[in-house]
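Take a look at the structure set out below.
Remember, it's a predicted structure, so these values are computed and weren't measured experimentally. Chain naming here is simple, since letters A, B, ... match the order of the sequence lines and numbering starts at 1 in each.
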Amino acid sequence: MSEPAPVALLRDRLLGWYDAHRRDLPWRRDPRPWPVWLSEVMCQQTRVDSAIPYWRRFMAAFPTPADLAAAPLDRILGLWAGLGYYARARNLHAAAQQVVARHGGAVPDDPQAFGALKGVGRYTRGAVMSIAFGHRLPAVDGNAVRVICRLDRLTDDPRPPRNKEVIWRRAAALVDGPRPGDLNQAIMELGATVCSPKSPACLLCPVADRCLARAAGVQQALPVKPKRKKRRTAHRVAALVRDGEGRIWLGRRPTDGLLGGLWGLPAVDAPGPDGPALRTLGLEPDLDAEPVTVEHGFTHLVWRVHTWPARGAPTGGEVEVWRAFAEGELPGLGLSGPSLKALRACGVNLPHRRGAGRR
DNA sequence: AAAGCGGGGGA
DNA sequence: TCCCCAGCTTT
């Protein structure tokens, strides 16, 4: 009896652990290409638990790529609102149209063709191709980076392409065997549930005895984390404007860039809580009123939004379309986070997103 | 190589 | 508060 080669042993341990402990996620009950693809896009930089309700709503609304391709972007963003990184929704819409045009509506069973679609990078290509079609391609997400850095005790910053390549090659060797999709998921699942960033549960880990970081007692310190920069704070001045019917004026932001395609209150950048700046939108703010101030953080900056009641009808500014909406129309509209916060703070009654959708 | 791009959950 | 999450695109 000879000992299995290290890679084969790792595969067996990881798959055995995965079979026993994998989470019961909705797309795992139905691992067809389109449901899997949608789940992978929604889970980018997003916790699985956060993505699940959105995935259910999307699958109900758009059961096939052709359904998504045919839908107006505004409706898609309305369902995506709250999940963040809205370029994912725009790219997936474009990619679904590419699938219809190039592949007759079927997700291509071909890594080259799939990887050429909008918004499909190295990770998503490997994940969908391995899980849905059984291609032996690695899929390295943040969890996998952590697991592999610890397993091999890789002490260099994993972000530079040179070091990233080492990690991807290791993952490629691991999945170059049976059940590549399950193996990819096993590695990610291990990182998500056991090999966590802080205080990893090594006693529950199926490969703890093979982990070089643990052998050296440095598992918490890996992977090394880059120092992050401070977020700058920017001021925004916004207006709550009602028309004669009590409807609220909103504008739709340009399709590209921050919160692209989402609806929000009439607003402009300002050096501070500068109410009169709203006159540049053709509005007359009630400067006797105290502004309502909310803060909203993004990845790279923080908005401090000061909202005044105002009169008039907005024009110009950085938006594509101005429209007034009844309060009942606001849920499901595709309202930006900052404006949602500001509206609530101003006393407009809106359901919370998490409870807003059915199911 | 670095920056832009959301929002939330947990320590 | 800070960290980090089933990353991709643009500059």
All N/O contacts under 3.5 Å from nucleotides 9-11 of chain C to the protein, with atom names and distances to one decimal?
| residue | atom | partner | partner atom | Å |
| --- | --- | --- | --- | --- |
| C:dT9 | OP1 | A:Gly119 | N | 2.8 |

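- Here A:Arg125 lies out of heavy-atom contact (under 4.0 Å) with every strand.
- Side chain to side chain, A:Arg88 and A:Asn91 fail the donor-acceptor criterion of an N or O pair below 3.5 Å.
- The CG-C1' distance, from A:Asp157 to B:dA1, rounds to 12 Å in whole Å.
- A:Ile52 has its CD1 atom 12 Å from the C1' atom of C:dA6, to the nearest Å.
- For A:Lys225 and C:dC2, the NZ to P distance is 14 Å, given to the nearest whole Å.
- Residues of residues 158-188 of chain A having a heavy atom closer than 4.0 Å to DNA chain B, listed by number: A:Pro161.
- Residue A:Leu262 contributes atom CG, which lies 8 Å from atom P of B:dG6 at whole-angstrom precision.
- An OP1 or OP2 oxygen of B:dG7 is reached within less than 4.0 angstrom by a side-chain nitrogen or oxygen of A:Tyr86.
- Going from atom CZ of A:Arg122 over to atom P of C:dC8 covers 10 Å, rounded to whole Å.
- Counting non-hydrogen atoms under 4.0 angstrom, A:Arg146 reaches the backbone sugars and phosphates but no base.
- Interface remark: the A:Arg47 side chain does form a donor-acceptor pair with the C:dC4 base, using a distance-only criterion of under 3.5 Å.
- Under the 3.5 Å distance criterion, with hydrogens and angles disregarded, a donor-acceptor pair is assigned to the side chains of A:Asp109 and A:His135.
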Residues 29-36 of chain A, side-chain donor-acceptor partners within the protein, below 3.5 Å, at least two apart:
| residue | atom | partner | partner atom | Å |
| --- | --- | --- | --- | --- |
| A:Arg29 | NE | A:Asp24 | OD1 | 3.0 |
| A:Arg29 | NE | A:Asp24 | OD2 | 3.4 |
| A:Arg29 | NH2 | A:Asp24 | OD2 | 2.5 |
| A:Asp30 | OD1 | A:Arg32 | NE | 2.8 |
| A:Asp30 | OD2 | A:Arg32 | NE | 3.2 |
| A:Asp30 | OD2 | A:Arg32 | NH2 | 2.7 |
| A:Trp34 | NE1 | A:Phe62 | O | 3.0 |

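- C:dT1 atom P lies 8 Å from atom CD of A:Glu295, rounded to whole Å.
- Checked against the 6.0 Å centroid criterion, the rings of A:Trp80 and A:Tyr54 do not qualify as a close aromatic pair.
- Distances shown here put every side-chain N or O of A:His296 at or beyond 4.0 Å from the OP1 or OP2 atom of B:dG6.
- Residue A:Leu92 is classed as having no contact, given no heavy-atom separation below 4.0 Å to the nucleic acid.
- Using a 4.0 Å heavy-atom distance criterion, A:Leu301 is classed as making no nucleic acid contact.
- Note on A:Gln45: every side-chain N or O is 4.0 Å or more away from OP1 and OP2 of C:dC5.
- Residue A:His300 has a polar side-chain atom (N or O) positioned under 4.0 Å from OP1 or OP2 of B:dC5.
- Across all strands shown, A:Tyr123 has heavy atoms under 4.0 Å from base atoms, whether or not it also approaches the sugar-phosphate.
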Only pairs under 3.5 Å count here: list side-chain donor-acceptor contacts from residues 115-127 of chain A, not counting sequence neighbours, and write none if there are none.
| residue | atom | partner | partner atom | Å |
| --- | --- | --- | --- | --- |
| A:Arg122 | NH1 | A:Glu165 | OE1 | 3.2 |
| A:Arg122 | NH2 | A:Glu165 | OE2 | 3.1 |
| A:Tyr123 | OH | A:Glu40 | OE1 | 2.5 |
| A:Thr124 | OG1 | A:Gln44 | NE2 | 3.0 |

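- If you check every strand for non-hydrogen atoms under 4.0 Å, A:Lys229 touches sugar and phosphate atoms only.
- The residue A:Trp27 sits close to a base: some heavy atom pair falls under 4.0 Å.
- Other residues, nucleotides and ligands place more than 12 heavy atoms under 6.0 Å from the CZ atom of A:Arg231.
- Dashed line: the shortest gap from a side-chain N or O of A:Thr124 to OP1 or OP2 of C:dC8 is under 4.0 Å.
- A donor-acceptor contact under 3.5 Å is not formed by the side chain of A:Ser50 with the base of B:dG7.
- Rounded to whole angstrom, the span from the CG atom of A:Asp141 across to the P atom of C:dA6 amounts to 6 Å.
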Begin from the C-alpha positions of A:Arg22 and A:Glu189 and carry the test salt bridge (charged side-chain N to carboxylate O under 4.0 Å, His left out) through to its verdict. CA-CA 7 Å; A:Arg22 70 181 200 169; A:Glu189 187 99 344; over 6 Å; no
Applying salt bridge (charged side-chain N to carboxylate O under 4.0 Å, His left out), run through A:Asp19 and A:Arg179 and close with a yes or a no. CA-CA 12 Å; A:Asp19 290 339; A:Arg179 301 175 62 190; 2.7 Å; yes
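- Distance from the side chain of A:Lys198 is smallest to C:dC3 among B:dG7, C:dA6, C:dC3.
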If you look only at distance, which donor and acceptor atoms sit under 3.5 Å apart when one is on a side chain in residues 258-269 of chain A and the other is two or more places apart or in another chain?
| residue | atom | partner | partner atom | Å |
| --- | --- | --- | --- | --- |
| A:Trp263 | NE1 | A:Asp74 | OD1 | 3.4 |
| A:Asp269 | OD1 | A:Arg236 | NH1 | 3.0 |

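- Every stem involving DNA chain B, taken as at least 3 paired positions in a row under the Watson-Crick or G-U wobble test at 3.5 Å, is listed here: B:1-5 with C:7-11, B:7-11 with C:1-5.
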